[in-house]
Novice: 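Below is one structure. I have some questions about it.
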Amino acid sequence: MPKVTFIEHNGTAHTVEAANGDSLMRAAVDNNVPGIDGDCGGECACATCHVYVEAAWWDKVGGRTETEETMLSFAAATKDNSRLCCQITMSDALDGIVVHTPDGQH
Amino acid sequence: MNHISMDAVRAAEERAWSTPLADLAPADPQLFKDDAHWAYFERLRKEDPIHFTRDSEFGPYWSITKYKDIMAVDTNHKVFSSLSTLGGISIRDQRADFPLPMFIAMDPPVHDAQRKVVSPIVAPGNLAILEQTIRERAETILDGLPRGETFDWVDRVSIELTTQMLATLFDFPFHDRRKLTRWSDVATTIAGPGGLVETEEQRQAELRECAGYFMGLWNQRVNAPPTTDLISMLAHGESTRNMTPQEFLGNLILLIVGGNDTTRNSLTGSLYAFSKFPQEYQKLRANPALLDSAIPEIIRWQTPLAHMRRTAVADIEIGGKHIKAGDKVIMWYVSGNRDEEVIENPNALIVDRARPRQHLSFGFGVHRCVGNRSRGTPRCR
């Protein structure tokens, strides 16, 4: 299975496997990765799975939808490379992707 | 204080299951007063999860009672409008003769712009600044409680603490803080004989007094350099500084009620919950780290806001039912939070639940509670 690495705000890295077709949020929650809440279960409706995508992967993860843009605009500490990771679907092309979690989701 | 009568609860349970389905009307204030609404929603979730009530004191309305259907309505703001001119966000229609426009009762894009002005106050950085103050005040309130005698927890703790917090957020004159409590209560009450206010006129007069008081604060702040309190943020915010007086009052009421009523309910609900589930309280006492999950669990179990309302602006089919443009649609958060299909053993308070933040109490989508960061996290404990 492809792998994804979440790096916490304090620098701690967590590398977990994610099945193709699953979202990064699902992989994080199922593997108890701290810093990703995913309160809405992947509906793009709570903005609690906010991550910063490392530059090398930015072009590969696809663009934000209008809904994601709106929800992100209500999140704290967003940057140009912010995404809601429930909207990033795992695939072989994303094997090895690295994302960073913010200071807090709430 | 309300005393829950077990007879009333049993009688309501009996009615909940014996009333013909077509006549079932869950939006009955007395049911909630008696804590007897649970059986109504249990039956609706089982037999008619998207239910139409033809006639009630609030007119005809749809009841959405299951978690996933509520999520579908809440996240579809294009079909399900919050607009105050269509009736707003409460089952009781917004009065046309006393409109209170507020961003929670607006749709994008105006909603998004106004919301963004106030959201920084509950951003993690700002909450961290307030944390010490909140802790000290909570300690003072708790240390000052009488021992070995009966007292009113709601007044001495729930109201006092939330009102102090609100006064801090607004930088509101501290000695006048109970005015905030009063205005919050008046804003949400239904006027009537023996009620909090006797008439709609009295209600509006008190809210105008609120507007006048805040207008004074606005004038002070608008002429001073920007600070981090809410009034200053509104007075200086790009999207809010040109609000009409009615819009200003509307958004103030929203912030007062949003910061007052709901938190009061969960602070009170926590004590009630622990009295019903003493073993959970023991669990928490033995391991205070469980506060991280206990707080959202209480917010789910108690559900500070029982419902939110939308108005359909297009015909839509949901769960096999045909909702028409113009229909009033009630999302019963209080029911969705007890939906056994999504939440295991939902009637139990479990302080170490695996996914405690999976609940509807903050809503979902663009109107998700702006204060969810301040309430749902242990920063506020």
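So you know, we letter chains A, B, ... as the sequences are listed, proteins then strands, and number each from 1.
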Novice: Chain A heavy atoms under 4.5 Å from B:K78: which part of the residue, side chain, backbone, both or neither?
Specialist: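 Contact with chain A involves the side chain of B:K78 alone.
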Novice: Nearest 0.5 Å, please: how far is CG in A:D37 from CD in B:Q358?
Specialist: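 B:Q358 atom CD to A:D37 atom CG measures 12.5 Å (nearest 0.5 Å).
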Novice: Just wondering, are more than 12 heavy atoms of other shown residues or ligands nearer than 6.0 Å to NZ in B:K321?
Specialist: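 For B:K321, atom NZ is crowded (more than 12 foreign heavy atoms under 6.0 Å).
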Novice: How close do B:M71 and A:A45 get, heavy atom to heavy atom, and via which atoms?
Specialist: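 What the structure gives for the nearest pair is SD-CB, 4.5 Å.
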Novice: Which residues in residues 333-353 of chain B have any heavy atom closer than 4.5 Å to a heavy atom of chain A?
Specialist: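 So no residue qualifies.
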Novice: Just to verify, what does B:Q302 make a side chain to side chain contact (heavy atoms under 4.5 Å, CB included) with, not counting sequence neighbours?
Specialist: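 Partners of B:Q302 under the side chain to side chain contact (heavy atoms under 4.5 Å, CB included) test: B:N265, B:S266, B:P304.
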Novice: Need one label for B:H111: side chain, backbone, both or neither, based on atoms under 4.5 Å from any heavy atom in chain A.
Specialist: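 For B:H111, the side chain is the part near chain A, not the backbone.
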Novice: Kindly check if the number of other-residue, nucleotide or ligand heavy atoms within 6.0 Å of NZ (B:K68) is above 12?
Specialist: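 Atom NZ in B:K68 is not packed in, count stays at 12 or less.
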Novice: Residue by residue, which of residues 14-29 of chain A have a heavy atom closer than 4.5 Å to a heavy atom belonging to chain B?
Specialist: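 A:V29, listed by number.
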Novice: Which members of residues 66-73 of chain A, sorted by number, sit under 4.5 angstrom from chain B on a heavy-atom basis?
Specialist: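 Within residues 66-73 of chain A, near chain B: A:E66, A:T70, A:M71, A:S73.
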Novice: Could you tell me the separation between the CG atom of A:D39 and the CZ atom of B:R368, rounded to the nearest 0.5 Å?
Specialist: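 If I round to the nearest 0.5 Å, the distance is 5.0 Å.
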